[in-house]
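See structure below.
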2 protein chains.
Amino acid sequence: MSKRTVYDPTDPAFRLENSPFYLIAHADFRYHQQMDEALQHHGVSKPIYRIMTVLRERQPVSIGTLADVALTKRSTVSRIVDRMVDQGLAATAPNDADSRITDVTLTDAGQRTLDKLTPVVGEQLDRAFAGIAEADMTALLSTLRRISSNLAKADRG
Amino acid sequence: MSKRTVYDPTDPAFRLENSPFYLIAHADFRYHQQMDEALQHHGVSKPIYRIMTVLRERQPVSIGTLADVALTKRSTVSRIVDRMVDQGLAATAPNDADSRITDVTLTDAGQRTLDKLTPVVGEQLDRAFAGIAEADMTALLSTLRRISSNLAKADRG
DNA sequence: CATCAATACTTGCATCTGCACGTAATCGGC
DNA sequence: GCCGATTACGTGCAGATGCAAGTATTGATG
């Protein structure tokens with residue numbers, strides 16, 4: 001007989017509330033809920049903030065890379081960046097070496113907005129992880145990485 | 001000085017790839033990617049499958065409860081159920097005791113579809129959790145529950 | 001250097017989602 | 001038993017997303 005874990009949905013004992021991906025979705029959902037509220041106070045949309053967090057680390061960066069890192073389709077990122085340009089948060093320019101590529105950078109206003117938002121998000125993270133031991137956080141990250149890696153493998157296979 | 005963890009986005013050492021919620025989103029994203037492919041082969045959309053997993057455990061169930069458990073807005077669930085009814089997967093009827101409530105149930109065809117899908121999803125979960133110790137899974141669930149609970153508290157406060 | 005394939009992005013279209021509002025039904029105070 | 005408040009759901013509308021197709025640019029091949 002197939003000996004799976006209790007997370008096996010074919011098992012009659014299976015319950016959604018014990019299902020890892022349900023709990024992952026749940027944590028993700030609550031986080032987005034909080035983010036939405038916090039960001040709206042500052043007039044920034046969730047997708048725009050998501051792109052900004054990538055731009056914080058890499059700049060300039062192409063639309064394609066933004067899409068890969070932000071887990072969003074290219075066409076969607078293209079439009080999000082359009083909005084950011086409209087709002088004066090980002091600037092685009094064709095890449096010097098390869099003019100097919102659109103280099104995206106934060107404007108000064110965009111950087112200021114991000115700097116304003118970062119501590120707000122930081123406080124939410126403090127609340128989210130309150131009472132969780134450092135070792136447990138490390139284990140969480142490690143397990144999540146393994147799950148992502150397993151699924152990425154399955155993608156190619 | 002505020003002594004946060006390295007997951008503090010205000011810290012210059014902060015990196016997206018080490019951020020818990022980024023990794024949560026990443027795992028969620030890969031899972032959805034896999035699901036989409038698997039479900040499309042069976043002509044079932046992701047939102048419909050999501051609702052079905054709730055109906056597996058509770059039946060009949062109201063639109064509102066479906067929305068709460070499936071982490072989706074009521075109006076959206078209302079329309080997803082419409083589609084399920086159109087496709088012959090679900091049936092609706094006003095609740096006997098309170099006719100404001102719409103009781104949703106799976107039809108026989110819907111149950112058969114779910115039965116067909118469940119082992120497919122089970123195999124994906126096997127792949128996703130391959131090589132992860134039982135104790136690590138338990139820790140993962142525990143930490144995720146704590147995070148959700150922390151954020152739910154923050155919601156009310 | 002001409003040509004075909006591949007890459008990077010953009011846009012038209014269809015779909016999905018959520019908000020705000022409207023309708024129907026139930027509950028509570030009197 | 002009646003009337004206002006609440007609850008549960010459905011719908012018009014606007015915004016966002018993804019797919020498929022199109023354009024522009026680069027690379028590879030001869």
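Below, chains carry the letters A, B, ... as their sequence lines are ordered, and counting in each starts from 1. Side chains included, hydrogens not; waters and symmetry mates left out as well; all remaining heavy atoms used.
Computed from coordinates, the D103(A) CG to dT10(C) P distance equals 12 Å when rounded to whole Å. For the pair I101(B) CD1 and dT26(C) P, the computed distance is 9 Å after rounding to whole Å. Between the C1' atom of dG18(C) and the CD atom of E37(A) lies a distance of 16 Å, rounded to the nearest Å. As rounded to whole Å, 15 Å separates atom C1' of dT15(C) from atom CG of D82(B). K46(B) places its NZ atom 13 Å from the C1' atom of dT15(C), with the value rounded to the nearest Å. Following rounding to the nearest Å, K73(A) (NZ) and dA8(C) (P) show an atom-to-atom distance of 15 Å. The CD1 atom of I63(B) sits 15 Å away from the C1' atom of dA24(C) (whole-angstrom rounding). Following rounding to the nearest Å, H32(B) (NE2) and dC16(C) (C1') show an atom-to-atom distance of 15 Å.
OP1 and OP2 of dC9(C) both lie 4.0 Å or more from every side-chain N or O belonging to S78(A). Distances shorter than 4.0 Å separate some side-chain N or O of R74(A) from OP1 or OP2 on dA8(C).
For DNA chain D, the span of nucleotides reached by chain A at under 4.0 Å from its heavy atoms goes, 5' to 3', from dA16(D) to dT26(D).
For the side chain to side chain contact (heavy atoms under 4.5 Å, CB included) test with V77(A), the passing option among I51(A), T65(A), V54(A) is I51(A); the others fail.
Here T72(B) lies in heavy-atom contact (under 4.0 Å) with sugar-phosphate atoms only. Residue contacts for T102(A): at a heavy-atom cut-off of 4.0 Å it reaches the sugar-phosphate backbone alone, with no base atom in range. Using a 4.0 Å heavy-atom distance criterion, S99(A) is classed as a sugar-phosphate-only contact. Residue contacts shown for S62(B) are limited to sugar-phosphate atoms, with no base heavy atom under 4.0 Å away.
A 6.0 Å sphere centred on CG of D86(A) holds more than 12 heavy atoms belonging to other residues, nucleotides or ligands.
We find the CG-OH distance between L125(A) and Y31(A) to be 5.5 Å, quoted to the nearest 0.5 Å. Atom OG1 of residue T76(B) and atom CG of residue L71(B) lie 12.5 Å apart, to the nearest 0.5 angstrom. The distance from atom CG of D28(A) to atom NE2 of H26(B), rounded to the nearest 0.5 Å, is 12.5 Å. Rounding to the nearest 0.5 Å gives a distance of 11.5 Å between NZ of K46(A) and CD1 of I80(A).
Under the 3.5 Å distance criterion, the side-chain polar atoms of R50(B) are matched with a main-chain donor or acceptor of A70(B).
Of the residues near DNA chain C, R83(B) and N95(B), the one whose nearest nucleotide (by heavy atom distance) lies more toward the 5' end is R83(B). Each of V77(A) and S75(B) was matched to the nucleotide of DNA chain D holding its nearest heavy atom; the match closer to the 5' end belongs to S75(B).
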